[in-house]
Amino acid sequence: MPPPPRRRNAPQGPHPLLAQRRRGALLGLAVGNALAVPTAHRPLVASSFPQLVDGGFGRMTGGGRHELRKGQVTEVTQLACCIGHSLRDLKRYDAADALRRYRAWQPHAVEVSEPMKEVLEECQSGLPPLGAGKRVWLRGHRQAVGAGSLARTAPLGVYLSSDANARTQASLADSALTHFDPRCQLACAALNAAIARAVTSGPELKADDLVTAAESGLLLAAAALGRSASDHVHEVTFAASLLREDLALARQEDPRLYGPELHLHRAAHAVRVAFRLAFWELLHAPSAEAALLDVIHRGGDTEVHAAVTGALLGAFHGEESLREDWRKTVLEAFATVKGPNWDVYHPRHLLTLASD
């Protein structure tokens with residue numbers, strides 16, 4: 001008698017733990033961004049590290065300089081949505097398509113950061129738009145300007161989590177569109193390597209594993225960028241050494257983010273501040289909630305700091321580590337208003353990447 005036919009297994013989605021982490025990374029980005037609106041660019045007085053800070057900004061209130069709605073996100077999450085739409089439509093990363101979407105976003109922005117504004121204006125110069133970021137960087141004496149690309153590229157860590165080479169190239173290319181400095185490009189690649197490790201690992205994952213993944217991602221990205229930017233090898237090597245130092249200091253009790261070189265309240269070295277702070281929170285805060293509360297109560301560019309921290313810790317701890325009221329407020333913002341803030345630049349669109 002022949003054996004009974006094998007039953008075909010039904011198609012499986014992501015493992016529940018990995019789905020939680022993928023959604024955690026994407027929602028963490030948006031939740032952190034929206035939660036930080038009231039404290040953005042304020043020089044708040046806070047306790048020294050390693051003591052975590054808490055206070056009166058634990059509710060999703062909106063407000064800020066532009067009187068935003070509760071749960072409303074700003075530039076970094078809206079540009080992450082542009083990446084998300086591009087990945088969903090093309091099934092791959094394409095720099096030209098991403099830049100086209102960034103330019104289409106500008107008329108709908110509540111505020112455009114100065115680095116983005118300068119690059120978007122340069123795109124109108126008549127020269128190739130894909131080179132605008134590099135031209136602005138060279139004109140600015142090769143200084144790192146802002147940390148905006150670090151926050152917005154987090155969807156690449158989720159969507160390209162299983163392809164290290166594609167993820168690295170996409171992270172470098174997207175940052176280069178607007179934040180060409182090697183410190184920005186390499187930080188994006190390292191952060192996304194850590195997110196990728198989180199959303200592809202089992203329950204035995206440790207926080208330090210993500211730091212190790214970031215170090216490996218940094219090594220891979222520095223080699224790739226050194227080959228493609230041969231005129232800037234010195235800058236690439238120097239940037240990689242600085243980011244390795246940031247990861248090493250993130251492991252310490254005091255990450256030295258109130259010092260003469262790097263300071264939470266100063267724009268200088270902004271990408272390194274956001275990068276180092278996020279990994280410090282990963283290693284020292286007991287939960288994503290505690291980390292986000294600490295970040296937003298320290299002041300400075302909290303919209304970016306909390307977005308980066310939210311993406312990284314959301315990836316590690318999972319969606320349910322983010323307070324339910326925070327998630328609900330972000331996902332329901334603009335539901336009754338519609339328009340571009342709902343139809344195109346709303347963080348609910350990012351969650352479509354969690355199941356791909």
Side-chain angles (χ1 to χ4, degrees), residues 12-37 58-60 70-74 76-78 80-81 83-85 87-88 151-162 167 191-207 209-210 213 278-279 281-283 285-296 303-335 342 345-356:
Q12 299 288 317
H15 185 279
L17 172 62
L18 303 186
Q20 270 276 319
R21 288 179 174 164
R22 291 166 75 91
R23 289 176 62 90
L26 299 165
L27 265 180
L29 163 68
V31 164
N33 180 200
L35 187 66
V37 163
R59 291 173 56 246
M60 195 77 71
K70 293 180 182 180
Q72 185 174 354
V73 296
T74 62
V76 291
T77 303
Q78 291 184 327
C81 291
I83 294 178
H85 287 300
L87 291 171
R88 187 191 62 196
R152 75 168 187 247
T153 61
L156 297 172
V158 173
Y159 189 81
L160 300 173
S161 58
S162 299
R167 183 182 66 249
L191 175 70
N192 288 331
I195 290 173
R197 176 65 184 274
V199 303
T200 55
S201 298
E204 73 287 349
L205 183 70
K206 304 292 190 294
D209 295 337
L210 271 61
F279 280 96
E281 298 288 354
L282 171 72
L283 294 168
S287 65
E289 178 180 343
L292 287 174
L293 289 173
D294 184 57
V295 168
I296 66 169
E303 289 178 21
V304 170
H305 297 167
V308 177
T309 299
L312 182 61
L313 274 80
F316 179 68
H317 292 288
E319 176 186 7
E320 291 183 0
S321 68
L322 304 166
R323 270 175 34 184
E324 184 179 4
D325 60 313
W326 290 351
R327 287 180 278 147
K328 185 173 185 291
T329 304
V330 166
L331 290 175
E332 291 181 356
F334 288 100
W342 175 260
Y345 306 114
H346 194 279
R348 79 186 198 284
H349 298 296
L350 290 173
L351 296 182
T352 63
L353 301 179
S355 58
D356 288 340

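Model, not experiment: these values are computed from the prediction.
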If you compare all heavy atoms of [X] against all heavy atoms of [Y], which two are closest, and at what distance to 0.1 Å?
X	Y	value
Leu17	Gly202	CD2-C, 3.8 Å
Ser321	Ala288	OG-CB, 3.5 Å
Cys81	His346	SG-O, 3.4 Å

So, do [X] and [Y] sit near enough that their side-chain heavy atoms are less than 4.5 Å apart?
X	Y	result
Leu292	Leu313	no
Arg88	Tyr159	no
Ile83	Arg152	yes

### Task
Only counting residues at least two apart or in another chain, list the ones meeting side chain to side chain contact (heavy atoms under 4.5 Å, CB included) with Val330.
Ala30, Val31, Ala34, Met60, Pro347
Which distance, rounded to the nearest 0.5 Å, do you find between the [atom1] of [X] and the [atom2] of [Y]?
X	Y	atom1	atom2	value
Arg21	Glu319	CZ	CD	13.5 Å
Leu210	Leu283	CG	CG	9.0 Å
Asn33	Thr77	CG	OG1	3.5 Å

#### Entry: Distance-only donor-acceptor check, side chains Thr74 and Glu303, under 3.5 Å
yes
### Query
Where the side chain of Asp209 meets the backbone of Arg197, is there a donor-acceptor pair that is under 3.5 Å apart?
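Not confirmed, Asp209 side chain does not pair with Arg197 backbone.
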